[in-house]
Amino acid sequence: MLRGRWRTAGSALARVLLVWAVSTLTMLLLAAVLPDFRLQPDPGGAGGDSITRVGLTAAWGAGAFGLLSALVWPVLVRALLLVPALVLGLLVFFLNGSLLLLALDLIPDGRGEAAPETAVVVAAVMSAVASATSTALAVRDDEAYRRRLYRLADRKRRRQRRAGASGASESAPGLVFLQFDGVGYEVLRRAAGAGLMPTVAGWLDRTHRVTSWRTDWSSQTGASQLGILHGSNFDVPAFRWYEKDTGEIVVCNRPSSAAALERRARARTGDRGLLTLDGASRGNLFSGGADQLALVLSVSARRGRGNRSRAGYFAYFSDPANAVRTFLSFVAEVAREIGQSVRARVRKTSPRVSRGGLYPAIRAFATVVERDVVVAAVIGDMLAGRAAVYADLVAYDEVAHHSGPRGRDTDQVLARLDRSLALIARVAEHAPRTYRVVLLSDHGQSPGETFLGRYGLTLKDLVRAGCGLPVSRRAGRTHSGAEARAAVRTALHRPVEAAAEQARPVRGPEPVVLASGNLGLVSFPAVPGRATRERIERDHPALLSTLAGHPGVGFLLVDGQVLGPGGAVARLSVPGEAEELLAAFGPGAAAAVRRTDAFPHVADIMVNSAYDPGSGAVHAFEEQIGSHGGLGGEQGHPFLMWPTVLSEPEGELVGAESVHALLRHWLRETEDGPQVPVEVPVEVPVEDHRPEGVQSGTLPSAQVAGQDENR
């Protein structure tokens, strides 16, 4: 045992010395290349130091910088957690440069000197090189790597026990639920078959199965994730809606609204959520009852110690190399989006929406920063041995809104999501318990030209015209309200409400018109309770016929009745009528509408856009050429992919609440059922988005099973 400890200590010392040597060489090279960085008093004159002296100076500076990075850096990042996340990401470079300047000041006789802007560059390069060297050495010494990960996990578990945290038995497998936001069933199947997602394809060939499930009428993250994590999405008619009893507009990606919706779901079910027992919630709108939270919107509005959602930023940015890597990827993604947008304009791609302004930065945040932080948090959860983890990766959804659900832009995002999945599977090998990874999505996306682009007016314009109200000659745009924008504003500590939604609508004769993808909602604040069809036709005789007869509108829901083109009417209370009228929208459309009709806060008029079954196209009432929120096409058919060691779903999965019930069953099954860990080594390349201590390379994927072609 003593010999083993000496061997371990010797191996660790050798790695430290090698990293130090590489850092020294890097500093020497940078001093030779950069004019404002020197390691000797007079490098060009006769009094210059010898090569040996310069080397010793570089070694001193590299050692001091490494020591300061290890001891001071985590303290600095923790002290700056109240700084907005994106600002923290930029401060990383300046703080790292400051540490280098301090390290150079520690060199005897003042031989080290650098201009402040040069110090930032030198520090970034040295951090990246040191991280890469540590990674390469750890990969060569796999046993040392495993021991280090286990020590980290043991340390976290001991802290949890001292804090009195309860958890499931670590002899039972854990479950990791990864939500690929907006990825539809057919999109996943196509990407796996085309080689865009080799990890997913490998799993489907061996130990995983996949099926589609059907969303509720409100096919969007707020309704789906609330139902999946908390078991109830009752009274969530859309992404945003007006509530007459409070006079407020509820928006699912607004922190205060998300917190209220979570409280309502808990009150209805009497349960905290799916992740109550030793769970972690990462990058989600809702907590799921988890104690471990990072980037969770429903708690982001809290003040003080109760808000732990930003802890994920500390866990990630505590390694300066992570900040350097993420920043460079962020800049590359901004450039990629600008290039793709220019190419779309030059080629006059249609349909097309505006992608200027801050959108390139918002896209880069969703596809790089949020992805990296969430993946790092999931890796930390697995190393800590937590029983259940649910994480949302929003990259595809954000890009698809502006580029369309299928194409070169989204294909690149899917490939990077697959590499993140491969990295998570690689780390699972070193976790203190076996993990089973379940992939799922909350909705799909349907393509199509926007309502404004196709018809030259917004839904609000059409409603005002039907009410006999003045309509602006210049049609305004209904901006997209995708989840990534809320995440960016929250990271910047800015309120997420748009200006028009901050104020309570005036209780007057003018209607409140809101858009949720291709689902529109019209409410009359002056009418108490839900307006009847008779009241609407009396107050606004032309409105319903104007809406139902418009070619961009598929159907309306008004007071228990479905109104379609050509004066068609179907009463929900009469079996078969709604099924016939809504047949083009697919199986279950009438049941989804009937369920929404029973919601207390359903709008006076619910408007679903037209749907073309041949092309799968819809018309979003927002500025999105890939949309979701209502009925029509792939938006209502997300996927669920699970290891075959778990039991199969019984029958068709209809609604997010049914998915919640199945995931709960799997959690109970892993706690109490037979443990069948099986490993099939499959070499899959991974992309390097790891936190400190997690290595790159190839990974043996989890066991995977045959694909069910008929689901």
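Worth saying up front: this structure is predicted, and the values here are computed from it rather than measured. Residues take their numbers from the sequence shown, with the count starting at 1.
Annotation: side-chain contact (heavy atoms from CB on, under 4.5 Å) contacts of R664 (sequence neighbours excluded): D271, L274, H660, R668. With sequence neighbours left out, R266 forms a side-chain contact (heavy atoms from CB on, under 4.5 Å) with H230, E262, R272, S287. Every side-chain contact (heavy atoms from CB on, under 4.5 Å) that A280 has, sequence neighbours left out, goes to R282, Q292, D381, R386, V389.
In this structure, the side chain of S281 does not engage the main chain of G289 through any donor-acceptor pair within 3.5 Å. Of the possible polar contacts, one joining the W666 side chain to the S647 backbone as a donor-acceptor pair under 3.5 Å is found. Remark: side-chain polar atoms of R433 are paired, donor with acceptor, to backbone N or O of A172 under 3.5 angstrom. The backbone N or O of Y185 sits nowhere less than 3.5 Å from a side-chain atom of R189 that would complete a donor-acceptor pair. S224 contributes no side-chain N or O that, together with a main-chain N or O of T221, makes up a donor-acceptor pair within less than 3.5 Å. With hydrogens and angles ignored, the 3.5 Å screen pairs a side-chain donor or acceptor of D442 with a backbone N or O of G182. Under the 3.5 Å distance criterion, the side-chain polar atoms of E333 are left unmatched by any main-chain donor or acceptor of T367. The main-chain N or O of V394 is never found under 3.5 Å from a side-chain atom of D181 such that the two would form a donor-acceptor pair. Put simply, the side chain of H208 gets close to the backbone of V437: a donor and an acceptor are under 3.5 Å apart.
Contact check on R371 versus D392 returns no salt bridge, with no Lys/Arg side-chain nitrogen under 4.0 Å from an Asp/Glu carboxylate oxygen.
The heavy-atom pair separating Y435 from L175 by the smallest distance is CD2-N, 4.0 Å. Smallest separation of non-hydrogen atoms from C252 and Q220: SG-NE2, 3.9 Å. Here the shortest heavy-atom pairing between A265 and S232 reads CB-O, 3.7 Å. Closest approach of E370 and G283 over heavy atoms only: OE2-O, 4.2 Å. Smallest separation of non-hydrogen atoms from G231 and E657: O-CG, 3.5 Å.
Put simply, the side chain of F639 does not reach to within 4.5 Å of the side chain of T211, judged on heavy atoms. When side chains are defined from C-beta on, Y396 counts as touching L414, because their heavy atoms get closer than 4.5 Å. Looking at heavy atoms from C-beta onward, L178 lies out of side-chain contact with L440 at the 4.5 angstrom threshold. Under the 4.5 Å side-chain criterion, counting only non-hydrogen atoms from C-beta, Q412 is in contact with R416. Under the 4.5 Å side-chain criterion, counting only non-hydrogen atoms from C-beta, V438 is in contact with L640. With a 4.5 Å cut-off on side-chain heavy atoms, V176 and M382 count as touching. Taking 4.5 Å as the limit, some side-chain heavy atom of V296 sits within range of a side-chain heavy atom of L293. By the 4.5 Å heavy-atom criterion applied to side chains, P638 and T215 are counted as neighbours.
When each of V187, D411, L188 is paired with L196, the side-chain contact (heavy atoms from CB on, under 4.5 Å) condition holds for D411 and for no other.
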Discussion item. Quick one, E648 with W642, criterion side-chain contact (heavy atoms from CB on, under 4.5 Å). Give me CA distance, side-chain angles, the key distance, then yes/no.
Written reply: CA-CA 8 Å; E648 294 207 14; W642 72 97; 4.1 Å; yes
